[in-house]
Amino acid sequence: MNVKKTNNIIDKVRQLQRKLYQSAKKSKSRRFHALYDKIYRKDILWRAWSQVKANKGSAGVDEQTIVDIETIGVEKVLEAIQKQVSEGKYNPPPVLRTEIPKENGKKRPLGIPTVKDRIIQTATKIVIEPIFEANFKECSYGFRPKRNQHQALDAIRRACNNKGMWVLDADISGYFDNINHSKLLLLVERHISDRRVIKLIRKWLEAGIMKDDAVIESKIGSPQGGVISPLLANIYLDYLDTVWEKYYKHLGILIRFADDFVVVCKNYKAVKHALNAVRLIMQKLELNLNKDKTKVIFLWDGKEGFDFLGYHNRKIKAKTINGRIYYVLKQWISKKSIKKISDKVKKTLSRKTLCVSTEEMIKTLNRKIVGWRNYYGLSPFDKLAKIDKYIRMRLVFWFNNKRQERKRKEFYNLVSFFNDTGLKYVAQNS
């Protein structure tokens, strides 16, 4: 597809999204009834395909890849999808279950829909997301357009520095696995009355999971990995945001990123009431707080802190010009995040990669380093400098193994060589 045609499609899609957003914003109680036919509009499907292709991803249960779709012919595949969806004959296959290792040794289940399924999910998300965006609360930052982790961290910093001394650090047990389908669809129906769209979402929720060549029924939960799953997850927890804003905002400031959230309060009484209020709301949603991971943190003297979105948050002692001591919240990369980075560096610079050229390895490391710098750049220089030192140490070991040498006296010469070759730094002002 040529650039002009692509730009025309993007403009048309944005125009539709803007119109839906403005209509929803203008009337908070409005329910949209004519949306299904927009999902299989040709421009929407082309835009959906572009996004799916850009996100890459593996094949689902049908083993069909993005390359396979291009080989068959994108136009041909989209026409088949359009026909299937418009005639109401589309039935999503089960998602392919895979498991991603977590830092604690456990595994996170991930569901991979087929490429065709991802196209239809993306098309549906394009159409319905603006309607919910217009109604989502300010306290929600996760998986939303123009919102990110740094904004959530900034909200925490401002709340804690504005007399916020107590923090409820909440953790929901197995959130995605325990979403109640009926309650989720009721929340969707608050803004969408098009029965065909509701039926489509229900089909995805009940599609099942393919694991070890056996299909497992989905009576509860929303598989992580689906394009539309983050939006559905936000719709479900928007109930928490709404109830909090209506009845409990006097207790403290709620900051949520997907299923991770904290409540910043000014005193112990407020944080205890906040914990009880959150438990009550979770009961309504048929969810449970993880007793071991949900904590009440006292920030006053800097002895306690909490991790959120890969950062450690703690108040540290500071002085005014007049010598008055006060405590201010500081944020830096958490120990878990440092370990995660260390593990990735170790894996990248393993014996299995000794066949890779030094220049190519540095390029590979640089891509990772830039990503870490962009995300953890809010941290103090000294915290990130330790990561840079570790990367260079591991690279020296890797290089010496590659040459089958271990001359420690060459360490600084090698580091200088890597720097001259273009190895980047995580620490910002290096």
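This structure is a prediction, so every number in the text was calculated from the model and none was measured.
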Does Asp43 pair with Arg47 as a salt bridge, N-O distance under 4.0 Å?
-> no
Hey, what do you get for CD (Gln51) to CD (Gln121), rounding to the nearest 0.5 Å?
-> 12.5 Å
Determine which pairs satisfy salt bridge (Lys or Arg N to Asp or Glu O under 4.0 Å) with at least one residue from residues 121-135, sequence neighbours left out, and list them in order.
-> Lys125-Glu129, Glu133-Arg144
Checking side-chain contact (heavy atoms from CB on, under 4.5 Å) for the pair Ile156/Tyr311: CA distance, chi angles, key distance, verdict?
-> CA-CA 11 Å; Ile156 289 173; Tyr311 275 82; over 6 Å; no
Between Phe399 and Phe418, is a ring-ring contact (aromatic ring centres under 6.0 Å, His included) present by the stated rule, with each step listed?
-> CA-CA 10 Å; Phe399 186 78; Phe418 298 144; 5.7 Å; yes
NZ/NE/NH1/NH2 to OD/OE distance under 4.0 Å, Glu304 and Arg314 | no
Nearest 0.5 Å please: distance from the CD1 atom of Ile179 over to the CD1 atom of Ile220.
-> 9.0 Å
Please step through side-chain contact (heavy atoms from CB on, under 4.5 Å) for the pair Lys42 and Leu78, ending with a clear verdict.
-> CA-CA 8 Å; Lys42 201 165 185 180; Leu78 294 185; over 6 Å; no
Shortest non-hydrogen pair, Ser229 vs Pro223, comes out as OG-O, 2.7 Å
For the residue pair Asn178 and Leu287, what are the closest heavy atoms and their distance?
-> O-CD2, 3.6 Å
Heavy atoms of Ile44 and Lys38 approach each other most closely as CG1-O, 3.3 Å
Taking the six-membered ring for Trp and the full ring for Phe, Tyr or His, determine whether the centres of Phe143 and Phe257 are under 6.0 Å apart.
-> yes
Does the pair Arg157/Asp154 count as a salt bridge with the N-to-O cut at 4.0 Å?
-> yes
Going from CG on Leu354 to CE on Met361, what distance comes out if it is rounded to the nearest 0.5 angstrom?
-> 8.0 Å
Are the side chains of Leu168 and Leu275 in touch, meaning some heavy atoms are under 4.5 Å apart?
-> yes
Got a donor-acceptor contact below 3.5 angstrom from the Gln331 side chain to the Leu153 backbone?
-> yes
Per side chain to side chain contact (heavy atoms under 4.5 Å, CB included), Ile39 is matched among Leu200, Leu45, Thr122 by Leu200
CD (Gln15) with more than 12 external heavy atoms under 6.0 Å = no
Enter the distance from Tyr175:OH to Gln224:CD here, rounded to the nearest 0.5 Å.
-> 10.5 Å
Mind listing the closest non-hydrogen atom pair of Leu309 and Ala152 along with its distance?
-> CD1-CB, 4.0 Å
In this structure, are over 12 heavy atoms from other groups packed under 6.0 Å from Lys12 atom NZ?
-> no
Just say parallel, tilted or perpendicular for the rings of Phe298 and Trp166, cut-offs at 30° and 60°.
-> parallel
Val271 and Tyr268, any side-chain heavy atoms less than 4.5 Å apart = yes
Find out whether Arg202 and His181 are in side-chain contact, i.e. whether some heavy atom of one side chain is under 4.5 Å from a heavy atom of the other.
-> no
Pairs flagged by salt bridge (Lys or Arg N to Asp or Glu O under 4.0 Å) wherever residues 222-250 is involved - sequence neighbours left out | Asp241-Arg256
With distance as the sole test, does Thr421 use its side chain to make a donor-acceptor pair with the main-chain N or O of Phe417 at under 3.5 Å?
-> yes
Counting only N and O atoms by type, is there a donor-acceptor contact under 3.5 Å from the side chain of Ser140 to the main-chain atoms of Lys137?
-> no
Spacing of CG belonging to Leu187 relative to OH belonging to Tyr239, to within rounding of 0.5 Å = 8.5 Å
Heavy-atom pair of closest approach, residues Pro130 and Leu20 = CB-CB, 4.3 Å
Flag the pair Tyr141 / Asn148 as yes when at least one side-chain heavy-atom distance between them is below 4.5 Å, and no otherwise.
-> no
Gap separating the CD1 atom of Ile172 from the CE atom of Met282, nearest 0.5 angstrom | 4.5 Å
Might you work through the side-chain contact (heavy atoms from CB on, under 4.5 Å) test for Tyr248 and Leu254, ending with a clear yes or no?
-> CA-CA 10 Å; Tyr248 301 111; Leu254 172 68; over 6 Å; no
Trp49 side chain near Ile66 side chain, heavy-atom distance below 4.5 Å = yes
Could you tell me whether the side chains of Tyr376 and Ser337 share a donor-acceptor contact shorter than 3.5 Å?
-> yes
Would the number of heavy atoms belonging to other residues, nucleotides or ligands and lying under 6.0 Å from CD of Glu138 be above 12?
-> no
Leu232 versus Trp204: any side-chain heavy-atom pair under 4.5 Å?
-> no
Verdict with reasoning, Thr348 to Thr364, per side-chain contact (heavy atoms from CB on, under 4.5 Å) | CA-CA 8 Å; Thr348 304; Thr364 300; 4.2 Å; yes
Judged by atom type as modelled, is there a donor-acceptor pair below 3.5 Å linking the side chain of Asp171 to the main-chain atoms of Asp260?
-> no
Take atom NZ of Lys19 as the centre, draw a 6.0 Å sphere, and report whether it contains more than 12 heavy atoms from other residues, nucleotides or ligands.
-> no
Mark yes when over 12 heavy atoms from residues, nucleotides or ligands other than Lys346 sit less than 6.0 Å from its NZ; otherwise mark no.
-> no
Report yes or no: do Asp68 and Thr65 form a side-chain donor-acceptor pair below 3.5 Å?
-> yes
Geometric cation-pi criterion Arg373 and Tyr375, 6.0 Å radius, 45° cone = no
Does Arg392 count as lying over the ring of Tyr425, i.e. NZ or CZ under 6.0 Å from the six-ring centre, within 45 degrees of the axis?
-> yes
Does NZ in Lys28 sit with more than 12 non-hydrogen atoms of other residues, nucleotides or ligands closer than 6.0 Å?
-> yes
Indicate yes or no for a side-chain donor-acceptor contact from Ser379 to the backbone of Lys383 under 3.5 Å, with no hydrogens or angles considered.
-> no
Side-chain donor/acceptor of Lys291 to backbone N/O of Leu289, under 3.5 Å = no
Is the backbone of Val67 close enough, under 3.5 Å, to the side chain of Lys53 for a donor and an acceptor to pair up by distance?
-> no
Heavy-atom count around Arg190 CZ within 6.0 Å, excluding the residue itself: above 12?
-> no
Between Ser50 (side chain) and Trp46 (backbone), is there a donor-acceptor pair under 3.5 Å?
-> yes
Single hit among Asn313, Ile253, Val167, Val262 for side chain to side chain contact (heavy atoms under 4.5 Å, CB included) with Cys160 | Val167
Does NZ in Lys203 sit with more than 12 non-hydrogen atoms of other residues, nucleotides or ligands closer than 6.0 Å?
-> yes
Trp332 side chain to Leu384 backbone, donor-acceptor under 3.5 Å = no
Shortest non-hydrogen contact between Pro113 and Gly225, atoms and distance = CD-O, 3.9 Å
From CA spacing to verdict: ring-ring contact (aromatic ring centres under 6.0 Å, His included), Phe132, His191 | CA-CA 7 Å; Phe132 291 98; His191 299 291; 5.6 Å; yes
Measure the shortest side-chain to side-chain distance between Asn276 and Leu280 over non-hydrogen atoms and say whether it is less than 4.5 angstrom.
-> no
